[in-house]
Amino acid sequence: MKNLSWFNKGMYLLNMLLILVTFIAYVLPFLAPKMFPILSVLTLIMPLFFILNGLFFIYWGIQFKKTMVLSGLVLLMGITFINKFYKFSAKELPDDDKAFVVMSYNVRLFNLFKWLDKEDVPGNILSFINDKNPDILCIQEYSNSANIDLKVYRHKFILMQGNKIKTAQAIFSKFPIIKEGNIAFPNSNNNVIYADIKKGKDIIRVYNMHLQSIKISPDVNEISENIDVINQEKSQMMLSRISKAFKQQQQQAEIFKEHKKDCNYPIIICGDMNNSAYSYVYRGIKGGLKDAFEEAGVGFGKTYKFRYYPARIDYIFADAKMKVKKFETFSDFENSDHYPIMAELSMD
């Protein structure tokens, strides 16, 4: 550090601070949010740490400074996290007659309260679903108000809740549903529903989940507009709200994992987890299952309309006994604050 200019000394200190924060973020997926709820917010911006460390690596490398080694080591240690953020290529598997397609989509009540200045959102969503024609469809924030015709699915399970505003989770299937149920969460309107679906000789359990929201608007007005004049009180309130939501998500994930233990069938989990792929909650729910995006996706896999940041908070997890043949994120289909995701699966 003695041989550095005053400017590079400042950059070095910033680099060291970034490395420290990045190491903390690496550890957080293994620590329960209730232990460090505020720090858990760092998992939401893990990709930003990769980018900044990469920029420092290039900055020091251009100057042939040994300091580049530190940023390089941080990037190397986080290499297992990178596939959760960006996939450079999708694998290709041969066609399989036994394959089936699963779609998950948070439809935001089919634009019931006109959040989107757009005509006939329910009709657009119906046309999209009919065009993609998934065999199993999981919908979060479903609403009967739209009266959309999904008669192509002979079997369905819809759990409607709420007093003034009725919202639901729904599972639609072309295959018979032989059992259905739900998992209620304390002090929350969020829940999980499930259906045991008979496909040929196999029985598969499909979970459709919607975990506690962190309540940041799709346009992130709270943090992206007037960022220079945002007041400390508002920042603290936002952090407090996110921390509280993370603790609730942890409780919900633990309840779900206990329920999942008793299932003897291959499992598929679909839904809106309202958390990143670097979180403790994601790690706990996924367990030994396959993340369909990591297996067969490409690009950022953005599932949520969040300004300036390719947020992936919606997932399809497939049983270890299954092959993920294909995965798609439809980030150009803007009829909700979320984007539909779809995976083609087959039993090994």
Side-chain angles (χ1 to χ4, degrees), residues 90-111 118 120-144 146-158 168-178 180 193-209 266-272 290-293 295-299 301-303 314-319 322-336 338-347:
K91 64 183 180 182
E92 294 185 9
L93 294 175
D95 291 338
D96 185 347
D97 292 339
K98 296 182 181 179
F100 59 100
V101 175
V102 178
M103 178 183 286
S104 181
Y105 191 15
N106 183 324
V107 298
R108 204 187 191 192
L109 301 177
F110 297 106
N111 202 35
K118 200 169 186 176
D120 197 21
V121 167
N124 293 338
I125 292 175
L126 177 61
S127 296
F128 176 83
I129 292 170
N130 287 336
D131 179 58
K132 300 305 176 184
N133 195 29
D135 298 298
I136 298 171
L137 172 65
C138 293
I139 294 181
Q140 302 88 45
E141 295 191 45
Y142 179 86
S143 172
N144 283 329
N147 290 318
I148 67 170
D149 183 1
L150 287 168
K151 290 181 181 177
V152 66
Y153 298 98
R154 296 176 57 194
H155 312 278
K156 64 182 179 182
F157 173 43
I158 301 173
Q169 321 297 42
I171 299 174
F172 296 87
S173 174
K174 293 180 180 179
F175 312 119
I177 294 175
I178 61 173
E180 58 195 38
I193 66 171
Y194 66 89
D196 292 340
I197 295 174
K198 185 172 177 56
K199 182 185 178 298
K201 296 180 180 180
D202 298 312
I203 297 176
I204 301 166
R205 173 163 293 181
V206 176
Y207 286 102
N208 183 17
M209 66 168 45
I267 288 173
I268 297 171
I269 302 175
C270 295
D272 171 12
K290 297 177 179 178
D291 183 329
F293 169 76
E295 294 291 317
V298 67
K302 176 181 178 179
T303 71
D314 301 82
Y315 306 93
I316 296 176
F317 298 145
D319 199 276
M322 298 179 185
K323 289 180 181 176
V324 182
K325 301 176 65 61
K326 189 176 181 181
F327 180 86
E328 293 179 85
T329 303
F330 301 95
S331 55
D332 57 345
F333 186 72
E334 297 194 358
N335 285 272
S336 171
H338 291 251
Y339 303 113
I341 56 176
M342 190 167 74
E344 184 178 340
L345 310 173
S346 68
M347 298 293 292

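Residue numbers count from 1 along this sequence.
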Checklist entry - Is there a side-chain contact between Lys174 and Asn133, using heavy atoms and a 4.5 Å cut-off? => result yes
Checklist outcome for this item: Value for CG (Asn130) from CD1 (Ile125), rounded to nearest 0.5 Å, stands at 12.0 Å
Checklist entry - Counting only heavy atoms not in Lys199, do more than 12 sit closer than 6.0 Å to its NZ atom? => result yes
Checklist outcome for this item: In this structure, CD1 of Ile267 is separated from CG of Asp196 (nearest 0.5 Å) by 9.5 Å
Next on the checklist: Parallel, tilted or perpendicular, judged at 30° and 60°: which one describes the rings of Tyr153 and Phe172?
Outcome noted: tilted
Checklist entry - When you look at NZ of Lys326, are more than 12 heavy atoms from neighbouring residues, nucleotides or ligands closer to it than 6.0 Å? => result no
Checklist outcome for this item: Between Pro266 and Asp319, the two heavy atoms sitting closest are CA-OD2, 3.3 Å
Next on the checklist: Working note: Asn335 + Phe128, criterion side-chain contact (heavy atoms from CB on, under 4.5 Å); need CA distance, chi angles, decisive distance, verdict.
Outcome noted: CA-CA 10 Å; Asn335 285 272; Phe128 176 83; over 6 Å; no
Checklist entry - Is there a side-chain contact between Glu334 and Tyr339 (heavy atoms, below 4.5 Å)? => result yes
Next on the checklist: Looking at Lys98, I want to see if its NZ is surrounded by more than 12 non-hydrogen atoms of other residues, nucleotides or ligands under 6.0 Å.
Outcome noted: no
Checklist entry - When you measure from the side chain of Asn106 to the backbone N and O of Glu141, does any donor-acceptor pair fall under 3.5 Å? => result no
Item to check | Within 6.0 Å of NZ in Lys323, more than 12 heavy atoms from elsewhere | outcome: no
Checklist outcome for this item: Closest non-hydrogen contact found for Met103 with Met342 is CE-SD, 3.7 Å
Checklist entry - Atom CG of Leu137 and atom NZ of Lys132: how far apart are they, to the nearest 0.5 Å? => result 14.0 Å
Checklist entry - Are Ile193 and Glu180 close enough, and set up right, to give a side-chain contact (heavy atoms from CB on, under 4.5 Å), and what steps lead you there? => result CA-CA 8 Å; Ile193 66 171; Glu180 58 195 38; over 6 Å; no
Checklist outcome for this item: d(Ser104 OG, Ile136 CD1) to nearest 0.5 Å is 12.0 Å
Next on the checklist: Between Tyr315 and Ile269, is the side-chain contact (heavy atoms from CB on, under 4.5 Å) condition met? List the steps.
Outcome noted: CA-CA 8 Å; Tyr315 306 93; Ile269 302 175; over 6 Å; no
Checklist entry - What is the minimum heavy-atom distance between Lys325 and Ala99, and which atoms define it? => result CD-CB, 3.9 Å
Checklist entry - Does Tyr207 have its ring centroid less than 6.0 Å away from the ring centroid of Tyr194? => result yes
Next on the checklist: Between Lys156 (side chain only) and Ala170 (backbone N and O only), is there a donor and an acceptor less than 3.5 Å apart?
Outcome noted: no
Checklist entry - Looking only at heavy atoms, what is the nearest atom pair of Val206 and Ile171, with distance? => result O-CD1, 3.6 Å
Checklist entry - Could you give the distance from CG (Asp202) to CZ (Phe100), rounded to the nearest 0.5 Å? => result 8.5 Å
Checklist entry - Measuring from Ile197:CD1 to Arg205:CZ, what's the distance to the nearest 0.5 Å? => result 11.0 Å
Item to check | Whether Ser173 side chain and Phe175 backbone form a donor-acceptor pair below 3.5 Å | outcome: yes
Next on the checklist: Does Met322 form a side-chain contact (heavy atoms from CB on, under 4.5 Å) with Ile268? I'd like the steps, not just the answer.
Outcome noted: CA-CA 9 Å; Met322 298 179 185; Ile268 297 171; 3.7 Å; yes
Next on the checklist: Check whether Asp272 reaches the backbone of Asp314 with its side chain - one donor and one acceptor, N or O, closer than 3.5 Å.
Outcome noted: no
Checklist entry - What heavy-atom pair brings Cys270 and Val102 nearest, and what distance separates the two atoms? => result SG-CG1, 3.5 Å
Next on the checklist: Ignoring hydrogens, what is the shortest heavy-atom contact between Lys118 and Asn124? Give both atom names and the distance.
Outcome noted: CE-ND2, 4.1 Å
